[in-house]
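Here the structure is laid out as C-alpha cells; the discussion comes afterwards.
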Amino acid sequence: MSIETQIKQALEEIKRGTQEIIGLDYIEKLVSDYFKEGKTYTIKAGFDPTAPDLHLGHTVLLQKLATFQKYGAKVYFLIGDFTGMIGDPSGKSETRKPLSREQVLINAKTYEEQVYKVLDSSKMEIVFNSKWLNELGTRGMIELSAKFSVARMLERDDFEKRFKSQSPISIVEFFYPLLQGYDSVALNCDIEFGGTDQKFNLLMGRHLQRAYGLSKEQSVVMVPLLEGLDGVHKMSKSLGNYVGITQEPKEMFGRLLSISDTLMWRYYELLSTKSLQEIEELKEGVQKGSLHPKKVKENLALEIITRYYNEEIAKAAQEEFIKVFSKDELPSDMPSFKAQSGIWIAQLLKDCALCVSTSEALRAIKQGGVKLNGEKVQDEKSTLQNGEYVVQVGKRKFAKIIID
C-alpha cells in the first residue's frame, strides 16, 4: 500500500464521527509528515475533574484521541485542577460553585485510573494545568486578560443569554475560557479536542496562540455529544441515562440492550471499532431481515464490554442476561441485605439502593414495576415480616432480603 493511500485512509478514520473540524489542512499536513518523515505532534484534551467516573459519552472523545495516537500523536490528557476550582460556565445558567482543592485531586486520581482503559499510556502524558497557571501570577493574569475584549466574551451564547436576562456573571467566569486557551499556549499544542458545547473555549486557544506569537495555530476537532439510553438527552450520570466503563458487566450489557434499534446505529458509529462499511453491511442485513436487531445490539454490547474487561467476562454477562431476561430466571448472583421485621416496602427499596428514594419506590410500585418473590407488589403500604425474599425492581435490579 502506498504512503498516499495510507494517509488517505488515516484521514478518513480521523474524520469519522466528528461533528466539526477547524484547520483540517493543518491536520492533513501533520499526518502526512508522520507517514513520510516520522514526525510526531501534540494533541490536548482537557477534563475538569468535577465528575470523574467515565462513561461511554466520554469515550467518544477518548477513542478519537486513540485514533490519532495510531497516526503519530502524543496526547496531553489535561486535568484542569486549576480551572476545576473555577468551574466551566459552558451552557450554565448560573455561576458554578468551585470545587475544593482536596476534591479536585481525589477526582483527578480517579481519571488517571480509568483513562488507560482507552488510551495508549506510552503515547500520552497526564498533565495538570496548575503547573503553569499557578506560575502565571498577577502580572501574567493581567496580560492574559488584555488579549480579549469584554464585547467578544459576551458574544458567547451562554454569557449573552445571562447578560440579557440580568443573571449574575462573575468576573472569574470570564477567566475560564482565557485560562483554557492559555493551556494551548503553555503546551504549544497542535490540535485541541472537545465537545460541540466547547467551541468558544476551543477557538480561544487558536486566538491566544496568535496573540502570544506562537508559530502555529492549533486545529480544533469537535466530537458530538453522545445521546444517553433515553435517546433524547446527552449521556449523563446525573440523568441516569449512562453506561459507565467501570460498571458491573451485567449492568453494562443490560443497559446497552435497552437502547432503541435506531439509537443502536449511532452507538455503532461513535463507539464501535468496526469500519463504516461493516456497519453499513449490518444495517442492510437488518433491513433485509437476515439479521435480527437484538443480535446486532448484543454484538455491540459484547464489543464494548470486552474492551473494558475481557471477552470471557463479556460472554458471561451475555449468558447471565439471557438467563434472567430471556428465560425469566433469577440472577445467579445478587446483593444480600438484612432488615428488621415490619419494614415498609418503600423504605426497604430505598435502603437496598434499588430506588433512590421512597417516592421513587412508590412510583415503581404504582407502575407495577416491583416484584416480591416473583409476584407484583400491589399494596404500597405493605410491610415485610420474618423470612427470606427476592425483591425485583424493573427488569434489571434484584436483591435478596433476609428479615429477622
Side-chain angles (χ1 to χ4, degrees), residues 1-47 54 58-81 108 111-133 180-195 198 201-223 270 273 275 307:
M1 186 186 298
S2 68
I3 289 181
E4 294 302 325
T5 301
Q6 292 180 63
I7 294 172
K8 181 181 178 182
Q9 290 183 349
L11 290 171
E12 287 176 356
E13 191 174 348
I14 282 169
K15 289 185 285 185
R16 169 184 168 177
T18 58
Q19 187 80 16
E20 185 178 359
I21 297 178
I22 298 170
L24 180 59
D25 290 347
Y26 186 40
I27 292 176
E28 291 174 347
K29 181 180 184 306
L30 294 172
V31 173
S32 178
D33 288 347
Y34 167 70
F35 277 100
K36 294 177 180 178
E37 304 173 34
K39 289 184 178 179
T40 59
Y41 51 96
T42 57
I43 292 180
K44 161 199 159 193
F47 291 81
L54 296 178
H58 296 118
T59 66
V60 174
L61 185 149
L62 293 177
Q63 285 178 218
K64 189 56 62 179
L65 292 176
T67 299
F68 270 92
Q69 284 184 318
K70 289 165 51 180
Y71 303 121
K74 174 185 177 180
V75 172
Y76 285 120
F77 186 91
L78 189 151
I79 295 176
D81 59 329
Y111 268 135
E112 288 189 70
E113 294 167 353
Q114 295 180 10
V115 69
Y116 294 129
K117 290 179 177 286
V118 184
L119 297 177
D120 183 345
S121 60
S122 67
K123 298 178 181 177
M124 68 168 290
E125 181 180 350
I126 295 178
V127 294
F128 295 79
N129 62 5
S130 61
K131 179 178 180 180
W132 51 86
L133 293 180
Q180 180 174 330
Y182 187 79
D183 291 341
S184 297
V185 175
L187 292 171
N188 195 28
C189 61
D190 297 296
I191 306 170
E192 183 172 8
F193 266 76
Q198 286 279 310
N201 294 359
L202 298 171
L203 292 176
M204 183 67 77
R206 287 168 61 89
H207 171 83
L208 291 180
Q209 282 183 331
R210 292 194 303 269
Y212 278 91
L214 272 63
S215 59
K216 64 175 69 172
E217 184 179 85
Q218 70 176 19
S219 296
V220 167
V221 178
M222 283 169 278
V223 295
L270 297 179
T273 57
S275 68
R307 183 181 306 150

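No side-chain heavy atom of Met204 sits under 4.5 Å from any side-chain heavy atom of Gln180. Side-chain atoms of Val221 and Ile27, non-hydrogen and from C-beta on, do get closer than 4.5 Å to each other. Side-chain contact between Leu24 and Glu28 is present, with heavy atoms from C-beta onward closer than 4.5 Å. Put simply, the side chain of Glu4 reaches to within 4.5 Å of the side chain of Lys36, judged on heavy atoms. Residues Val31 and Ile14 form a side-chain contact, since some pair of their non-hydrogen atoms from C-beta on lies under 4.5 Å apart. Between Lys44 and Val127, every side-chain heavy-atom pair lies at or beyond the 4.5 Å cut-off. Side-chain atoms of Leu187 and Trp132, non-hydrogen and from C-beta on, do get closer than 4.5 Å to each other. No side-chain heavy atom of Phe77 sits under 4.5 Å from any side-chain heavy atom of Tyr116.
Atom-to-atom distance recorded for Lys123:NZ and Phe68:CZ is 13.5 Å, nearest 0.5 angstrom. One finds the CG atom of Leu214 at 10.0 Å from the CG atom of Leu208 (value rounded to the nearest 0.5 Å). In this structure, Leu202 CG and Glu20 CD are separated by 10.0 Å, a value rounded to the nearest 0.5 Å. Going from atom OG1 of Thr273 over to atom CD of Glu13 covers 9.5 Å, rounded to the nearest 0.5 Å.
Shown here for Ala66 and Val118, the closest heavy-atom pair between the two residues is CB-O, 3.9 Å. A pairwise comparison of heavy atoms in Phe193 and Ile191 identifies CE1-CG2, 4.0 Å as the closest pair. Taking all atoms of both residues into account, the shortest heavy-atom contact from Ala10 to Phe35 is CB-CE1, 3.8 Å. Closest heavy-atom contact between Ala45 and Leu65: CB-CD1, 3.8 Å. Across all non-hydrogen atoms, the minimal contact from Ser219 to Gly23 is OG-O, 2.6 Å.
Annotation for Lys117: atom NZ counts as buried by contact number, over 12 foreign heavy atoms lying within 6.0 Å. Within 6.0 Å of NZ in Lys29 there are 12 or fewer heavy atoms belonging to other residues, nucleotides or ligands.
Applying the salt bridge (Lys or Arg N to Asp or Glu O under 4.0 Å) criterion to Lys15, with sequence neighbours excluded, gives no partner residue. Judged as a side chain to side chain contact (heavy atoms under 4.5 Å, CB included), and not counting sequence neighbours, the contacts of Ser130 are Asp81, Phe82, Arg101, Phe128, Asn134. For Tyr212, the ring pair (Phe, Tyr, Trp, His ring centres under 6.0 Å) partners at least two apart in sequence or on another chain are Tyr182. By the salt bridge (Lys or Arg N to Asp or Glu O under 4.0 Å) test, Glu217 pairs with Arg206, Arg210, sequence neighbours left out. Under the salt bridge (Lys or Arg N to Asp or Glu O under 4.0 Å) criterion, Lys64 pairs with no residue at all, not counting sequence neighbours. Looking at residues two or more places apart in sequence or on another chain, you find no salt bridge (Lys or Arg N to Asp or Glu O under 4.0 Å) involving Arg16.
Checked options Asp183, Ile43, Thr42; the residue passing with Tyr76 is Thr42 (criterion: side chain to side chain contact (heavy atoms under 4.5 Å, CB included)).
Remark: side-chain polar atoms of Gln218 are not paired, donor with acceptor, to backbone N or O of Asp190 under 3.5 angstrom. Counting only distance, with no hydrogens or angles, the side chain of Gln69 and the backbone of Asp120 share a donor-acceptor pair below 3.5 Å. For Thr59 (side chain) and Leu62 (main-chain N/O), no donor-acceptor pair under 3.5 Å exists by modelled atom type.
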Mind running side-chain contact (heavy atoms from CB on, under 4.5 Å) on Val220 and Met222 for me, showing each step along the way?
CA-CA 7 Å; Val220 167; Met222 283 169 278; 4.0 Å; yes
Test log, rule side-chain contact (heavy atoms from CB on, under 4.5 Å), inputs Phe47 and Leu61:
CA-CA 11 Å; Phe47 291 81; Leu61 185 149; 4.0 Å; yes
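Donor-acceptor pairing under 3.5 Å is recorded for the side chains of Ser184 and Glu192.
Ring pair Tyr111/His58 is perpendicular by interplanar angle, where above 60° counts as perpendicular and below 30° as parallel.
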